[in-house]
Amino acid sequence: EDKVVQSPLSLVVHEGDTVTLNCSYEVTNFRSLLWYKQEKKAPTFLFMLTSSGIEKKSGRLSSILDKKELFSILNITATQTGDSAVYLCAVRLSNTGKLIFGQGTTLQVKP
Amino acid sequence: ETGVTQSPTHLIKTRGQQVTLRCSSQSGHNTVSWYQQALGQGPQFIFQYYREEENGRGNFPPRFSGLQFPNYSSELNVNALELDDSALYLCASSLPRDTDTQYFGPGTRLTVL
């Protein structure tokens, strides 16, 4: 059965800390891996990764994919209270538009 | 803002009732997917519509059904509601040339009593 597992499930840090969120997957027909940030309701798109070893970066956020070891990490440097959210990892399968989501990592950034 | 809208924002129903949730995609987004997100969980794929036809379905019973209209808006219908159907229902749309990136609406919070 296709599955996506995120760790840790929750994390509490202080402003300025650097965090690393993990996502591992076991799926057939991998096409891409996506990261979303969910603050209240709608998940908002962060990154899409398709190739191993190529870092995607947006401001203080960056992500990389390892297709050999079947995992991805999301790094957030110099965290701010506005980074507090649930971070969702999802894998898109190549034979369908279906996204398989992990359980999410709840990040709380304290002042 | 993703340009994807959903209605209603909140809904309370009782067991056995039927519900219809609606989603309006961005212009040009001809693919729409529906997800169920229970509290503390990641979204679970219900089904996807492409050009008004179902294009993939997750592990949900037939009482979950959908429609996509020519203007690419969409409905999710749930019959014979059960308590476990209480969740946030999200729709997501994507462009024809970028189906990997799905843009989510704000969701409908359904509570079944």
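Protein chains get the first letters and strands the later ones, always in sequence-line order, with residue 1 at the start of each. None of these values were measured; they are calculated from a predicted model.
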Honestly, the part of B:Tyr35 sitting under 4.5 Å from a heavy atom of chain A is side chain

A:Leu34 versus chain B, heavy atoms under 4.5 Å apart: side chain, backbone, both or neither? side chain

Let's test your reading of the structure: which of B:Gly58, B:Gly42, B:Gly107 forms the most heavy-atom pairs below 4.5 Å with chain A? B:Gly42

Under 4.5 Å from a heavy atom of chain A, the part of B:Gln37 involved: side chain

For A:Glu15, does the CD atom sit with more than 12 other heavy atoms under 6.0 Å from it, leaving out its own atoms? yes

In terms of side-chain heavy atoms, does B:Thr20 have a donor or acceptor partner in B:Gln18 at a distance below 3.5 Å? yes

May I ask you to decide whether B:Arg15 forms a salt bridge with B:Asp85, counting only side-chain N to carboxylate O separations under 4.0 Å? no

Select, from A:Leu9, A:Val86, A:Leu99, the one with the greatest count of heavy-atom pairs under 4.5 Å involving chain B. A:Leu99

Between A:Gln6 and chain B, which part of the residue has a heavy atom less than 4.5 Å away: side chain, backbone, both or neither? neither

B:Arg63, CZ: over 12 other non-hydrogen atoms inside 6.0 angstrom: yes

Do A:Thr79 and A:Asp17 have a side chain donor and acceptor closer than 3.5 Å? no

Drop me the distance from B:Gln41's CD to A:Gln103's CD, to the nearest 0.5 angstrom. 4.5 Å

Given a strict heavy-atom distance threshold of 4.5 Å, which part of B:Thr9 is in contact with chain A: side chain, backbone, both, or neither? both

